[in-house]
Amino acid sequence: MEEIDNITEQMIDEIIDTEEKNNDQKRLSFEEKMAIECVKKIKNPFRMITVDMVMKDLNICRTIAYRLFQRDDFPSINIGKNHQVTLIAYLLWKIKKRV
């Protein structure tokens, strides 16, 4: 778990360094800024969440949640009957859908 935290911190540092270098060349998009903030605030943004967690978060029934995991625009990993999504991908998808 400590390795994941170290990798996350390294990624944040790289993103911030890239942001500072590119600050004069181009502005970051809204999604890029939100991704940076998510990575900074969430302890492990790359952990996998399940259908049940998405179901509770969106306040939808299990059938609708499974349909959501089957959509092409939803960033899920479906292997057999195991449906999961990384937390950061889910949050970015959710932000993109609400904007």
Side-chain angles (χ1 to χ4, degrees):
M1 198 62 161
E2 190 173 310
E3 289 179 29
I4 292 174
D5 292 338
N6 291 338
I7 292 170
T8 303
E9 288 177 19
Q10 290 172 355
M11 289 180 63
I12 291 171
D13 292 339
E14 288 176 18
I15 291 169
I16 291 172
D17 289 342
T18 304
E19 179 183 354
E20 289 172 358
K21 289 177 186 175
N22 295 335
N23 200 13
D24 295 332
Q25 296 172 359
K26 74 167 196 155
R27 295 286 177 202
L28 294 176
S29 70
F30 178 73
E31 288 179 5
E32 292 169 333
K33 289 178 185 177
M34 290 303 295
I36 291 169
E37 291 302 316
C38 285
V39 171
K40 285 180 186 176
K41 295 187 187 250
I42 298 172
K43 186 172 184 174
N44 184 4
F46 302 105
R47 79 168 188 256
M48 301 301 284
I49 59 174
T50 62
V51 174
D52 291 333
M53 293 175 183
V54 172
M55 185 177 77
K56 289 177 185 175
D57 181 51
L58 296 177
N59 196 24
I60 56 177
C61 70
R62 187 176 304 278
T63 304
I64 301 298
Y66 275 108
R67 285 185 193 161
L68 177 65
F69 273 75
Q70 296 300 324
R71 290 177 46 168
D72 290 335
D73 67 333
F74 191 73
S76 65
I77 298 170
N78 304 327
I79 302 173
K81 293 184 177 183
N82 188 7
H83 302 282
Q84 295 183 344
V85 62
T86 59
L87 179 59
I88 189 76
Y90 171 68
L91 293 174
L92 290 173
W93 174 84
K94 192 173 169 182
I95 290 168
K96 188 176 181 181
K97 289 298 174 183
R98 293 188 183 222
V99 172

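Model, not experiment: these values are computed from the prediction.
Residues Asp57 and Tyr90 form a side-chain contact, since some pair of their non-hydrogen atoms from C-beta on lies under 4.5 Å apart. Taking 4.5 Å as the limit, every side-chain heavy atom of Ile64 sits out of range of all side-chain heavy atoms of Met55. Counting heavy atoms from C-beta outward, Leu68 and Leu58 have side chains that approach closer than 4.5 Å. Residues Phe46 and Asn44 form a side-chain contact, since some pair of their non-hydrogen atoms from C-beta on lies under 4.5 Å apart. Put simply, the side chain of Leu87 does not reach to within 4.5 Å of the side chain of Met53, judged on heavy atoms.
Closest heavy-atom contact between Ala89 and Pro75: O-CG, 3.6 Å. Residues His83 and Phe69 share a closest heavy-atom pair of CB-CD2, 3.6 Å.
Distance check, rounded to the nearest 0.5 Å: CD1 of Ile95 to CG of Leu91 gives 6.0 Å. Taking CE of Met48 as the start and CG of Asn82 as the end, the distance is 8.0 Å to the nearest 0.5 Å.
The hydrophobic clustering, which links ILVMFWY residues whose side-chain heavy atoms are closer than 4.5 Å, places Val54 and Ile77 apart.
Ser76 and Asn78 share a side-chain donor-acceptor pair at under 3.5 Å.
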